[in-house]
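The structure displayed is predicted, hence computed values, not measured ones.
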Amino acid sequence: MVTTVGIKAQQAKKAVGIGNNVMPRTFPLDKVRNIGIIAHIDAGKTTATERILFYTGRTYKVGEVDDGTAVMDWMEQERERGITITAAATACQWQGHRINIIDTPGHVDFTAEVERSLRVLDGGVVLLDAVAGVEAQSETVWRQADRYSVPRVCFINKMDRVGADFHGTVAMIEERLRAKAVPIQLPVGEENQFRGVIDLVDNKAWLFSDDVGATPVEMPIPEEKKDEVTKQRQELVERLAENDDQLMLLYLDGGDISGPQVKAAIRRLTLANRIVPVLCGSALKNKGIQPLLDAVVDYLPSPLDVPPVHVIDSETGEEILRQASDDAPFSALAFKVVADPFMGRLVYFRVYSGKVKVGAQVLNSSKGQKERLGRLILMHANRREEIEEVDTGSIAATLGLKNTFTGDTLCELGQPVLLESIRFPEPVLSLVIEPKSKADQDRLGEVLNKLSEEDPTFKMRSDQETGQTLISGMGELHLEVLIDRMLREFNVGVRVGKPQVAYKETITVPVETEGRFIRQFGGRGQYGHVWLRLEPGDRGSGFKFFDRVRGGGIPKEYIPAVEAGIKEALETGVVAGYPTVDIKATLYDGGFHEVDSSELAFKMAGSIALKDGVSKANPILLEPIMKLELVVPAQFLGDVIGDLNSRRAHIEGIETHGETCVVHSVVPLAETFGYATALRSLSQGRATYSLEFHCRRELPTNLAEQIIVRAKGV
């Protein structure tokens with residue numbers, strides 16, 4: 001018998017096309033899925049997304065990453081490097097459901113794209129390489145999904161490769177991700193003989209052809225697989241029954257448990273984040289994509305399946321719940337800003353409740369400013385489809401929002417609320433740049449502002465003493481891509497200095513410090529006097545300010561100026577010019593003059609007190625520490641370990657998989673420059689590695705002294 005998985009190919013071709021102006025509410029809210037494709041770099045995310053778009057009728061030709069024709073990798077830099085750099089959004093239909101998809105980057109330098117995508121998505125598809133299994137960045141994106149409680153299904157990709165190990169990868173999911181991995185499929189064939197999957201839920205097998213346009217063929221379960229399938233299905237039912245009371249009652253009754261009953265239990269447990277269904281296939285060879293789409297529809301949540309969103313009432317400060325409904329007041333989160341070269345400033349947003357039309361006036365409650373929505377657009381990578389209205393559960397983009405940035409809340413004018421914003425990691429690497437010409441100099445500031453609006457992990461600042469511009473990001477590739485974009489998209493050429501580590505300063509002991517700013521110019525003078533208590537904060541806590549002034553020592557209107565002065569001094573640092581972090585400042589006393597006091601005077605007094613206090617509080621430098629995962633042939637392990645030890649690395653563990661070793665370690669970022677070249681030399685080009693930010697730790701005293709001397713130009 002020949003049939004299809006899900007809708008037939010002919011039906012798929014009738015799916016929503018670009019420019020059809022089909023309104024999202026063509027689909028009831030329970031038929032909407034907002035999902036992200038997340039994984040380690042090179043696990044096949046974009047390839048899988050391209051197949052999804054083809055099989056759902058969204059595109060009529062399969063794009064290939066290696067050929068530079070992938071629809072979702074539309075930036076020139078992505079096509080040249082064969083990697084995803086920016087999260088691309090699109091939408092398609094499957095089995096009467098609308099699936100909004102965000103294809104995210106896998107490289108750690110672009111982790112902010114994953115962070116903001118997971119913040120606004122309801123479900124995730126985690127791709128894993130069947131050969132490599134769970135890799136370093138797989139763990140990172142898993143932790144990000146855990147933070148936002150995003151239900152997931154796993155798709156073990158590249159089952160056609162030599163060394164593919166389905167059961168080994170499932171075991172790694174359990175061990176390294178600490179997740180309850182529940183296989184709902186088994187592979188038919190191994191490595192280059194991989195040709196299909198066995199559905200354990202419905203007890204059927206599907207065979208796939210390498211031909212992208214071929215229809216999957218349903219077939220009986222192969223004889224040699226029947227015993228394994230019987231055993232695996234029994235284990236599946238038992239594991240589900242252990243966690244699901246409804247299925248447990250059916251199991252104890254002793255009768256046969258049907259496919260729909262198993263499917264319902266999987267859905268309940270997946271939505272509750274108690275299990276992770278595991279599927280398999282080969283996106284490149286067009287195998288397993290249709291069952292994956294079925295799993296997205298069957299097991300991942302609609303906006304109605306996730307808990308109502310918590311919002312803060314801006315007027316009362318109380319926490320309230322917003323139901324996912326078109327009839328509820330409008331609330332949405334802006335999660336991405338893009339400087340589109342053709343359309344201008346695009347703001348992507350996710351609607352959590354209510355709906356909004358083109359031209360509507362909304363409130364940016366994060367800034368307390370009114371904004372008017374321009375054109376409303378559904379995005380298909382970098383192609384656009386204009387619509388008149390956006391409703392609950394939709395992900396769209398708009399023009400016309402001048403003061404809205406990543407993490408801002410948009411809501412109805414009369415009902416101001418705040419959604420939880422998005423937290424991003426701090427940059428770890430800096431470069432000095434300077435414009436190549438006078439024309440470049442005139443435009444550089446504007447371009448840097450646009451890029452920092454787009455990317456919250458990209459920072460810039462000017463060194464007041466040298467006049468140099470420093471840009472900071474998450475890694476060498478991150479900054480390399482941004483500099484390339486400056487030239488190609490904005491026609492601004494820059495010269496680049498050597499990479500610099502983004503050190504931070506902090507204090508180690510509490511101190512009390514005084515700041516006085518007194519100036520007399522003959523007429524009205526300036527008078528500001530403050531007392532601060534400075535204390536070290538927890539690592540990663542940032543800056544916290546407390547007002548404990550009692551008895552009117554400082555008028556209330558000058559308190560914000562003191563805080564502003566402290567923040568300004570923190571930016572430039574005290575010891576070596578690096579920003580000061582993880583510090584608690586308590587303003588507890590001071591004095592003022594009825595005539596001469598001003599905001600400027602108290603701002604300067606706050607700055608003076610901070611600098612004086614930090615210098616007395618045993619300040620130290622903090623350096624970024626990276627988590628380094630190495631995959632190296634066993635014969636080169638000794639040389640690689642020796643090299644790591646010379647780089648101040650700490651080896652946390654070594655795993656052996658056949659002839660290959662996986663080394664887990666942490667290493668200072670400063671010691672990783674040029675590591676790719678050194679590793680190639682040590683391993684004859686056979687070792688690979690991945691880096692991700694881990695934490696900040698105190699820089700050894702001898703190295704800190706060198707940096708301080710260099711900073712002061714002694």
Side-chain angles (χ1 to χ4, degrees), residues 39-43 106-111 114 128-129 131-144 168-169 171-173 175-178 425-429 473-478 499-504 539-540 621-704:
H40 186 89
I41 190 169
D42 203 32
H107 197 285
V108 66
D109 281 15
F110 309 104
T111 189
V114 183
L128 298 169
D129 187 319
V131 179
V134 176
E135 300 173 87
Q137 188 66 4
S138 309
E139 296 183 62
T140 302
V141 298
W142 195 271
R143 285 195 301 271
Q144 289 172 308
T169 304
M172 288 182 77
I173 295 172
E175 180 186 342
R176 293 187 61 174
L177 303 180
R178 291 175 174 79
E426 284 293 311
V428 296
L429 191 69
M474 299 307 296
E476 292 179 85
L477 180 62
H478 184 202
Q500 301 178 6
V501 177
Y503 295 106
K504 302 287 185 186
R539 197 70 73 237
L621 290 182
L622 300 174
E623 64 174 339
I625 304 295
M626 310 300 284
K627 184 182 287 186
L628 172 67
E629 184 176 284
L630 272 165
V631 180
V632 57
Q635 67 193 89
F636 303 114
L637 182 62
D639 291 339
V640 168
I641 295 293
D643 180 67
L644 285 176
N645 289 332
S646 72
R647 295 175 184 269
R648 296 193 287 132
H650 173 68
I651 311 298
E652 295 188 324
I654 301 173
E655 299 173 9
T656 303
H657 302 285
E659 294 297 313
T660 302
C661 296
V662 180
V663 181
H664 303 278
S665 64
V666 291
V667 60
L669 175 66
E671 305 291 345
T672 64
F673 297 147
Y675 186 59
T677 304
L679 186 62
R680 277 197 296 269
S681 174
L682 289 168
S683 66
Q684 298 177 9
R686 293 172 61 191
T688 60
Y689 76 98
S690 62
L691 277 173
E692 64 173 296
F693 177 73
H694 179 55
C695 65
R696 291 186 185 276
R697 289 181 185 163
E698 181 178 351
L699 187 66
T701 305
N702 61 322
L703 297 177

Looking only at non-hydrogen atoms, find the nearest pair between [X] and [Y] and report the distance.
X    : Y    : answer
A132 : M172 : O-CE, 4.0 Å
D643 : S646 : O-OG, 2.5 Å
Y503 : A670 : OH-CB, 3.9 Å
C661 : L637 : SG-CD2, 3.9 Å
H478 : G473 : ND1-CA, 3.5 Å
P427 : A502 : O-CB, 3.9 Å

Could you tell me whether the side chain of [Y] reaches within less than 4.5 Å of the side chain of [X], counting heavy atoms only?
X    : Y    : result
E139 : V134 : yes
R539 : L622 : yes
P700 : E623 : yes
Y675 : L630 : yes
I641 : N645 : yes
E652 : S665 : no

Distance (rounded to the nearest 0.5 Å) between [X] [atom1] and [Y] [atom2]:
X    : Y    : atom1 : atom2 : result
L699 : R697 : CG    : CZ    : 12.5 Å
L669 : R696 : CG    : CZ    : 9.0 Å
L644 : D639 : CG    : CG    : 11.0 Å

Query raised in the report: Are more than 12 heavy atoms from other residues, nucleotides or ligands located less than 6.0 Å from atom CZ of R178?
Result: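 No, CZ of R178 has 12 or fewer neighbouring heavy atoms, counting only those of other groups under 6.0 Å.
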Requested in this report: Give me the one residue out of H650, K627, E655 that meets side-chain hydrogen bond (donor to acceptor under 3.5 Å, both in side chains) with H664.
Outcome: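 The passing option is E655.
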Report task. Step by step, work out the side chain to side chain contact (heavy atoms under 4.5 Å, CB included) result for T672 and L628. Result -> CA-CA 10 Å; T672 64; L628 172 67; over 6 Å; no
